[in-house]
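Working notes, beginning with the structure itself.
Residue numbers count from 1 along this sequence.
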Amino acid sequence: MRPQDAFGAAPDSFKASVASALHRIERENEHPARRVSFRLAICVGLAMLLLAGVVYAAANDWKLFDFYRDRFGMEISQEAQDAISQNNVSQQFTVGDVVVTLHEAVADGHYLYLSAKAEMREPGTAYLMGMSDTPTDYPAFDGQYPGRENRKSFLTLAGEEGKRLVSVDLHTFVTGAESISGICDSVIQADGTLHFMTALEYPTDADSIQVELTAYMREWSLEDDQYGEETLHKMLRFPIAVTPPNRQVTIDLEGAPFPGTAALMESITFTITPLSCYYEINFTVADADDKLLMAHTRNVLDFVFMDEAGERVGVGLTTGDDRRTPDDTHCVQSGSLRLTALPDTLTLRPTNDWGGAPDDVMVLRFADQ
């Protein structure tokens, strides 16, 4: 079966699934992975969707901080939890034969996080999958993968047990925000329920935001590994209160050239919230005589931050995004760091993919900011 036959035209939910797959890989490995532009993400994401495994968990009714602790091993301090607005949305609705329960929405000053659970209206009648899972993936139970030993995939198990095969996805929007969608990660629990965490950027000057949530359900055919019924969806709109950021710092680099590259650095903005330190790097690609260096800068250059001890600063609650102008001359790279305050200095350097000299770095100083 060809991938294009299985998935057809790429809907918005597919775009969110691609972002989710990229997010999950970088989060679990915390390895300097190169970001890709969206046009490349479609191609890369297809391969990821076909190869993605499934992770099960035994937690009950995960909320946001449970998700980060048990999924990624990230502990959010009680002080940080107390400092943000936690909106208990407590909404429940059905999409097709799936019941979706929203647990909470957290807006920390820069990102909206939403936790939810999906389950069949009639428990035990179907195998649920996230939209980044495929019928040929091997299911797991409590973190174990017995399906790999007996070579029984979702598709095989559903056929043997006379169950349906259903995939579910959540897609979040913030009215007025530039981002078209957020990342979405899901974990299947041992009881067969599917738990979600979504994350989406919103304007930092907002004191409340209007959230749109769309849920998708897709049923797969057990005969030919193709999705049969048309995707069903349900949209909700609801307002939530947000927490203002603790601090926002912009370093104006005034077009300074980054050593060893064709990048002219314009500015770096840091937004510090109780949960993370978010950053946005703005740079342009200079019109240099070395055309190969220009192309390498456009296609490969990606940055990481090093602390004063020379260690890479850990990834925060969100991984990166890469936005470019149509001609690839202006680039905006964003992400988050596992910091709740800015140190005296941070060192910016290219990822290992760049392959430059060790001293091709830029030191950022915050003492006077």
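- In this structure, CG in Leu301 is found 9.0 Å from CD1 in Ile281, a value given to the nearest 0.5 Å.
- The environment of Glu160 atom CD is dense: over 12 non-hydrogen atoms of other residues, nucleotides or ligands sit within 6.0 angstrom.
- The salt bridge (Lys or Arg N to Asp or Glu O under 4.0 Å) test applied to Glu280 returns Arg323, not counting sequence neighbours.
- Partners of Asp287 under the side-chain contact (heavy atoms from CB on, under 4.5 Å) rule, at least two apart in sequence or in another chain, are Lys291, Met294.
- Side-chain contact check for Thr273 versus Ile84: every heavy-atom pair is 4.5 Å or farther apart.
- One finds the CG atom of Asp133 at 10.0 Å from the CG atom of Asp169 (value rounded to the nearest 0.5 Å).
- Applying the side chain to side chain donor-acceptor pair (under 3.5 Å) criterion to Thr101, with sequence neighbours excluded, gives Gln92.
- Between the OG1 atom in Thr347 and the CG atom in Leu364 there is a gap of 7.5 Å [rounded to 0.5 Å].
- Shown here are the side-chain contact (heavy atoms from CB on, under 4.5 Å) partners of Glu161, two or more places apart in sequence or in another chain: Tyr127, Leu157, Lys163.
- Note on Tyr279: it clusters hydrophobically with Val313, by side-chain heavy-atom contacts below 4.5 Å among ILVMFWY residues.
- Between Leu213 and Phe93 there is a side-chain heavy-atom pair separated by less than 4.5 Å.
- With contacts defined as side-chain heavy-atom distances shorter than 4.5 Å, the pair Met362/Leu253 qualifies.
- Ring orientation note: the planes of Tyr111 and Tyr278 are close to parallel, at an angle under 30° on the 30°/60° scale.
- In terms of the side-chain contact (heavy atoms from CB on, under 4.5 Å) criterion, residue partners of Gln78 (sequence neighbours excluded) are, by chain and number, Gln81, Asp82.
- His195 approaches Thr193 most closely through the heavy-atom pair NE2-OG1, 3.4 Å.
- Val99 and Val187 fall into different hydrophobic clusters, where Ile, Leu, Val, Met, Phe, Trp and Tyr side chains are chained together by heavy-atom contacts under 4.5 Å.
- The minimum heavy-atom distance linking Cys277 with Ile272 is given by the pair SG-CG1, 4.1 Å.
- The minimum heavy-atom distance between Val95 and Met217, with the atom names listed, is O-SD, 3.5 Å.
- Under the salt bridge (Lys or Arg N to Asp or Glu O under 4.0 Å) criterion, Glu104 pairs with no residue, sequence neighbours left out.
- Taking the side chain as every heavy atom from C-beta outward, Val106 and Leu275 approach each other to under 4.5 Å.
- Minimum heavy-atom separation, Thr243 to Ala83: CG2-O, 3.4 Å.
- The side chain to side chain donor-acceptor pair (under 3.5 Å) analysis of residues 354-363, with sequence neighbours excluded, yields no pairs.
- Remark: side-chain polar atoms of Asp108 are paired, donor with acceptor, to backbone N or O of His110 under 3.5 angstrom.
- Thr318 places none of its side-chain heavy atoms less than 4.5 Å from the side chain of Ser276.
- When the ring pair (Phe, Tyr, Trp, His ring centres under 6.0 Å) test is applied to Phe283, the partners found at least two apart in sequence or on another chain are Phe303.
- The side-chain heavy atoms of Ile188 and Leu128, taken from C-beta on, include no pair separated by under 4.5 Å.
- For Thr125, there are no side chain to side chain donor-acceptor pair (under 3.5 Å) partners at least two apart in sequence or on another chain.
- Following chains of ILVMFWY side-chain contacts shorter than 4.5 Å, one can reach Phe305 starting from Val249, so the two form part of one hydrophobic cluster.
- Atoms CG and OG1, from Leu292 and Thr297 in turn, are 9.0 Å apart once rounded to the nearest 0.5 Å.
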Hey, can you pull the donor-acceptor pairs under 3.5 Å for the side chains in residues 256-265, sequence neighbours left out?
from	atom 1	to	atom 2	distance (Å)
Thr261	OG1	Phe258	O	3.0
Thr261	OG1	Ala263	N	3.0

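- With sequence neighbours left out, Asp97 forms a salt bridge (Lys or Arg N to Asp or Glu O under 4.0 Å) with Arg121, Arg164.
- Between Leu102 atom CG and Leu170 atom CG the span is 7.5 Å, to the nearest 0.5 Å.
- The line from OG1 of Thr94 to CD of Glu119 is 12.0 Å long, rounded to the nearest 0.5 Å.
- Not counting sequence neighbours, the partners of Glu254 by the side-chain contact (heavy atoms from CB on, under 4.5 Å) test are Asp252.
- A heavy-atom distance below 4.5 Å is not found between the side chains of Thr284 and Thr329.
- Side-chain atoms of Tyr68 come within 3.5 Å of backbone atoms of Leu317 as a donor-acceptor pair (strictly under, hydrogens ignored).
- A pairwise comparison of heavy atoms in Thr271 and Pro245 identifies CG2-CB, 3.8 Å as the closest pair.
- Using a 30° and 60° split on the angle between ring planes, Phe366 and Phe270 fall in the perpendicular class, above 60°.
- Although no hydrogens or angles enter the test, the distance criterion places no donor-acceptor pair under 3.5 Å between the side chain of Ser186 and the main chain of Leu194.
- Taking all atoms of both residues into account, the shortest heavy-atom contact from Ala158 to Leu222 is CB-CD2, 3.9 Å.
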Does Thr214 form a side chain to side chain contact (heavy atoms under 4.5 Å, CB included) with Glu212? I'd like the steps, not just the answer. CA-CA 7 Å; Thr214 304; Glu212 293 184 358; 5.6 Å; no

Go through it in stages, so that I can follow the logic: the residues are Phe196 and Val168, the test is side chain to side chain contact (heavy atoms under 4.5 Å, CB included), and I'd like the CA-CA distance, side-chain angles, deciding distance and then a yes or no. CA-CA 10 Å; Phe196 291 92; Val168 183; 4.0 Å; yes

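- Looking at heavy atoms from C-beta onward, Arg349 lies out of side-chain contact with Pro358 at the 4.5 angstrom threshold.
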